[in-house]
Protein chains: 2
Amino acid sequence: MQADHLLFTGVIRGSDDNKLGNVVESWSMSHHSADDADPKPSRIQMRNRKRILEAALDVFSQHGYRGATLDQIAESAGLSKPNILYYFSGKEDIHVTLLNGLMDTWLAPMREIDPEGDPLNEILRYVRRKLEMSREFPRESRLFANEVLQGAPRIGPHFGADLKPLVDETAQLIESWSKQGRLAPVDARHLIFSIWSTTQHYADFDAQVQALLPDDDTHAGAQEFLDTLYKRLLSP
Amino acid sequence: MQADHLLFTGVIRGSDDNKLGNVVESWSMSHHSADDADPKPSRIQMRNRKRILEAALDVFSQHGYRGATLDQIAESAGLSKPNILYYFSGKEDIHVTLLNGLMDTWLAPMREIDPEGDPLNEILRYVRRKLEMSREFPRESRLFANEVLQGAPRIGPHFGADLKPLVDETAQLIESWSKQGRLAPVDARHLIFSIWSTTQHYADFDAQVQALLPDDDTHAGAQEFLDTLYKRLLSP
DNA sequence: GCGTTTTTTTACCATATGGTAAAACAACGA
DNA sequence: TCGTTGTTTTACCATATGGTAAAAAAACGC
């Protein structure tokens, strides 16, 4: 799977059990009475919902929830505002849909940490993937950052449901590695925070990074630095 | 100077050559013709501008620029909206004033790195101070994060003027330390980014951190982790 | 082709919001 | 105390914005 589309990958590719699939499902739910089976969304529904979410990702990630307007989203999607409200029940619905769809994808790299793999190697691979995501999907990163910055009013519930179990599990794995002496001892949760913050920094604070860095080499430099950082921290 | 008041320290404490002092000065500038000398702002002006900026810091840091409303600021400041516009020329003026006042303070810890001190010690002290600032001044951190996330539309100019020279200088210092073998070799600029991101993370992503951490020990744990992180990275 | 359903457009609305004018009021110096 | 200056309130306004109703236009099933 190429890394040039995250949020909308599966749908674009045509698979049917994925983020946008769920998204469309949830739409059906909100427009039909609960008794009839979900009629499969038409080609045109798929296309337009996709367009809207794409446009909304642009706008929300750039201006934040309140800073974004339906008109901007509509314009960017090439649809009229009422038309957008035909597909989504409101501004918040779009935002939540985006956030929900993003969650799984965002956590995927952590899920891919292999308990059977070489500890240091697994962590370094995770760091690299997270950094890659910052480069490839800065909009998603900023959407997320905006939401959490404002106190996670809309995604907060997911923290307990999806994020926490995964983090707990991963932290346990890392700490078991530490105890076995296969990693230098660290607080696994703070380690995870540091990985998130250092990698996402390059997307979320891009304006600052660009202003301070000689340019172009940004990502290569970051990659190398983070590699060194976590090698020195974690080598047993 | 204690670290329990950042942006408004001096004024609250009554000293007169500090951020808010400058803030008030800039106000005078915008309300009088340029030919007469600045009449010193009255007690009441100081007090009300202070209140407004305090309230605005609350509101802007919580909701972002566009998410914040003058009415919220007014309410929080205990003044009427038109009254607020008597002291500031508009919403943007308040925001810019806040950001400008914050800049110096935000950079202070970096300025305090002592070229004569012990390298590792100086960096660790810097990390600790930054982390402390995240704990003590989360609003300021979020205000900043919000601004940079949106592309630094209002603070961008400062990057070239204030931030870049200081970062360049500090990076040079760190790299000279590296070359002298007093620090393990690192890319100084990425090191700085990592310090910023890991420390500010605890303020900016507090909603997430709180959801994932067993609680209370948050800061002690962070402190210890970051200490370890940078010791292992930088010990020669 | 034709009736039915889905999609899109046109024309609105209510509210929120940044901002202003000018009157009322308070403080202050003479 | 009076006039002047500085401060606050009252009453507004223009625009932006999220959202709706209902007609018009496509699409679709047969």
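What you see is a predicted model, and the numbers here were worked out from it, not measured in a lab. Numbered from 1 within each chain, the chains take letters A, B, ... in sequence-line order.
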Among residues at least two apart in sequence or on other chains, which ones pass side chain to side chain donor-acceptor pair (under 3.5 Å) with [X]?
X	result
B:Ser61	none
A:Ser194	A:Tyr230
B:Gln150	A:Asn146

Tell me the interatomic distance from B:Met46, atom CE, to D:dG6, atom C1', rounded to whole angstroms.
17 Å
Which pairs with one or both residues in residues 155-164 of chain B pass salt bridge (Lys or Arg N to Asp or Glu O under 4.0 Å), sequence neighbours excluded?
B:Lys164-B:Asp168
Residue-phosphate contact under 4.0 Å: A:Gln45 side-chain N/O, C:dT7 OP1/OP2:
yes
How would nucleotides 8-27 of chain D be written as a contact map, 5' to 3', with B for base contact, S for sugar-phosphate-only contact and - for no contact, using protein heavy atoms under 4.0 Å?
BBBB-----SBBB-------
By ring pair (Phe, Tyr, Trp, His ring centres under 6.0 Å), which residues pair with A:Tyr65, not counting sequence neighbours?
A:Phe60, A:His95
